[in-house]
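Letters go in sequence order (proteins before strands), and every chain restarts at 1.
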Protein chains: 2
Amino acid sequence: MNLVTEQAVTSSDKTFFHLRKDIVDGNIRAGSKLSETELANRYAVSRAVVREAINRLVTCHLVERKANIGARIVALSPAGLVSLYQVRESLEGMAARLAATNMTDKEIADLNALLDSHLQTVKSGETYYQEAGDVDFHYRIILGSKNDHLISMLVEGIYHLIRMYRVQLGMAGPRVTTAFDEHKSIVQAISNRDAELAEMLMRRHILYTRNSLEKKLLEDAC
Amino acid sequence: MNLVTEQAVTSSDKTFFHLRKDIVDGNIRAGSKLSETELANRYAVSRAVVREAINRLVTCHLVERKANIGARIVALSPAGLVSLYQVRESLEGMAARLAATNMTDKEIADLNALLDSHLQTVKSGETYYQEAGDVDFHYRIILGSKNDHLISMLVEGIYHLIRMYRVQLGMAGPRVTTAFDEHKSIVQAISNRDAELAEMLMRRHILYTRNSLEKKLLEDAC
DNA sequence: AATAGCTATATTGTCGACAAAATGAGGTAA
DNA sequence: TTACCTCATTTTGTCGACAATATAGCTATT
């Protein structure tokens with residue numbers, strides 16, 4: 001599959017994308033069970049198609065399946081957040097390091113343009129919500145690493161679970177502008193082809209995000 | 001699924017394990033196509049079972065599938081090796097760091113015992129071939145990290161692809177005893193609870209292994 | 001002879017039905 | 001009341017058949 005523009009060619013693809021969006025956005029609540037027959041009816045496809053879609057959700061770490069029992073959407077927990085963000089810090093830090101070396105000048109220019117467009121959003125006081133895919137800052141840097149295995153592990157692996165935390169816990173307040181500034185300095189490091197700094201800034205940025213989300217998660221629990 | 005002792009409960013599990021072994025060991029040659037009907041006949045199961053097994057092999061990065069065309073076993077290439085080992089270095093380095101903190105004293109003792117038993121093998125001049133699973137040094141340290149996402153990405157993700165390179169390219173000569181010594185010093189660092197050193201030694205160890213495999217891969221190509 | 005288009009064949013994608021396993025309700029015994 | 005067993009129901013696992021797509025071989029035309 002083309003990682004940049006994932007396109008639904010098969011019926012199972014459509015079901016997978018649809019389900020994934022519903023899960024990430026919280027339309028189906030975290031922790032709930034996925035019934036194969038029910039989903040087959042809802043999407044008007046066969047159970048085989050639903051089963052395949054669910055298996056792909058398991059690969060994304062969005063769903064857990066037990067043999068002969070069924071599949072449930074993962075629950076958002078502090079422990080899960082910590083272990084996820086430890087891995088994320090390592091992998092995206094590496095992505096930033098590689099991107100500083102491997103992105104083309106044009107890609108870097110486009111990335112700067114993207115940030116400028118984000119700046120408009122931030123100034124207008126909106127929530128700096130990051131859409132999935134190509135409009136997402138982190139997504140661009142991941143692809144910029146040019147390392148196929150890294151891209152696959154992040155994009156097909158944990159990217160959407162990360163988004164799920166981000167979307168469902170929300171992100172607002174002072175963190176928004178701070179995050180934007182951090183993005184800006186990461187791109188600056190990449191523009192300077194300073195791989196080491198890019199990695200360090202990215203790791204810090206992800207750590208701050210994690211702290212912010214952890215706080216949110218503990219507040220919500222009360 | 002229990003990551004430590006993966007157990008085949010369903011027919012699809014058995015097929016998956018069997019196929020995975022055949023691929024890693026090279027019984028089915030790298031790069032060749034997987035025919036669903038043929039495999040269904042060979043293993044005496046339905047195509048649905050085979051399809052599910054193949055999808056799981058895709059998750060392991062052992063197989064690539066294109067819609068309406070089919071699935072092929074990945075080819076072993078220098079580029080693939082490099083990108084794989086970049087990721088591996090980062091993730092297993094992290095695993096070693098976390099293991100230095102999170103492994104219990106008993107687990108560390110067991111790990112030392114395991115290395116002693118490996119020493120017998122090395123002394124007797126055998127190839128220090130690492131079996132899959134619990135007898136594997138790296139496997140133990142991965143589990144010792146106690147980070148669920150990390151464990152999942154490594155064990156269900158790239159572990160068996162790494163083994164595939166190791167098994168099919170072979171490993172012999174002076175690298176064998178060198179690798180053993182490196183293992184030994186990593187365990188030493190973990191015993192001392194020196195997380196930083198454990199990570200650095202693991203990263204170096206993986207880098208050396210990569211260099212050795214790269215050389216082998218280029219030789220074989222001639 | 002080379003290429004384009006067509007047809008027959010083979011392969012993957014999807015479906016509905018049946019088999020096997022888990023769940024839950026109801027009843028019985030301690 | 002509680003624990004355990006039984007049986008009906010629900011849900012998942014597996015299967016064979018059909019539909020849709022790709023592949024390969026053949027023919028015709030330049």
Side-chain angles (χ1 to χ4, degrees), chain A residues 1-3 5-20 22-23 28-75 156, chain B residues 1-3 5-20 22-23 28-75 156:
Chain A
M1 175 168 56
N2 185 343
L3 292 174
T5 58
E6 40 180 30
Q7 199 171 358
V9 4
T10 172
S11 169
S12 162
D13 289 339
K14 293 195 203 81
T15 310
F16 169 61
F17 291 145
H18 203 145
L19 257 176
R20 189 180 65 186
D22 282 346
I23 293 173
I28 314 178
R29 78 163 193 290
S32 61
K33 185 167 191 305
L34 292 178
S35 159
E36 294 183 357
T37 27
E38 187 200 322
L39 292 174
N41 291 334
R42 181 175 340 158
Y43 291 117
V45 291
S46 76
R47 264 187 57 225
V49 168
V50 171
R51 275 181 70 83
E52 189 167 325
I54 289 181
N55 283 332
R56 288 164 72 179
L57 292 169
V58 171
T59 300
C60 304
H61 302 216
L62 290 172
V63 162
E64 285 166 354
R65 147 171 274 163
K66 286 182 188 167
N68 287 313
I69 291 183
R72 338 187 55 92
I73 300 181
V74 297
E156 295 173 351
Chain B
M1 174 168 56
N2 186 344
L3 292 174
T5 58
E6 40 181 31
Q7 198 171 357
V9 3
T10 172
S11 170
S12 160
D13 289 339
K14 293 195 202 81
T15 311
F16 168 61
F17 291 144
H18 204 146
L19 257 175
R20 188 181 64 186
D22 282 346
I23 293 173
I28 314 178
R29 79 164 193 289
S32 62
K33 185 168 192 306
L34 292 178
S35 158
E36 293 183 358
T37 27
E38 188 201 319
L39 292 173
N41 291 334
R42 181 173 343 155
Y43 292 118
V45 291
S46 76
R47 264 186 58 223
V49 168
V50 171
R51 275 180 72 83
E52 188 166 326
I54 289 182
N55 283 332
R56 288 164 73 179
L57 292 169
V58 172
T59 299
C60 304
H61 303 217
L62 290 173
V63 162
E64 285 166 354
R65 150 170 272 164
K66 286 180 189 168
N68 287 315
I69 292 184
R72 342 186 51 93
I73 300 180
V74 296
E156 295 173 353

Can you name the nearest heavy-atom pair linking [X] to [Y], along with the distance?
| X | Y | answer |
| --- | --- | --- |
| B:V74 | B:H61 | CG1-O, 3.4 Å |
| B:D13 | B:A8 | CB-CA, 3.6 Å |
| A:A30 | A:I73 | CA-CG2, 3.9 Å |

[X] [atom1] to [N] [atom2], straight-line distance once rounded to whole Å:
| X | N | atom1 | atom2 | value |
| --- | --- | --- | --- | --- |
| A:E36 | D:dT14 | CD | P | 11 Å |
| A:R72 | D:dT12 | CZ | C1' | 15 Å |
| B:E38 | C:dT9 | CD | C1' | 17 Å |
| B:L34 | C:dA10 | CG | P | 20 Å |
| A:D13 | C:dT14 | CG | C1' | 13 Å |
| B:N68 | C:dT11 | CG | P | 14 Å |
| A:E52 | D:dG13 | CD | P | 14 Å |
| A:N41 | C:dG16 | CG | P | 10 Å |

Between A:Y43 and A:L19, is the side chain to side chain contact (heavy atoms under 4.5 Å, CB included) condition met? List the steps. CA-CA 10 Å; A:Y43 291 117; A:L19 257 176; 3.9 Å; yes
Using OP1 and OP2 only, check whether a side-chain N or O of [X] sits under 4.0 Å from [N].
| X | N | value |
| --- | --- | --- |
| A:S46 | C:dT14 | no |
| B:K33 | C:dT12 | yes |
| A:R51 | D:dT12 | no |
| B:T10 | D:dT12 | no |

Please figure out whether A:I69 or B:R47 has its closest DNA chain C nucleotide nearer the 5' end.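 Per heavy-atom nearest nucleotide, the more 5' residue is B:R47.
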Pick the closest DNA chain D nucleotide for A:A71 and for A:A48 by heavy atoms, then say which residue is nearer the 5' end.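 The answer here is A:A71.
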Within the 4.0 Å heavy-atom criterion, would you say B:I54 contacts the bases, only the backbone, or no part of the nucleic acid?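 No contact.
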Tell me whether B:R72 contacts the main-chain N or O of B:G31 through its side chain, where contact means a donor paired with an acceptor under 3.5 Å.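 Answer holds: yes.
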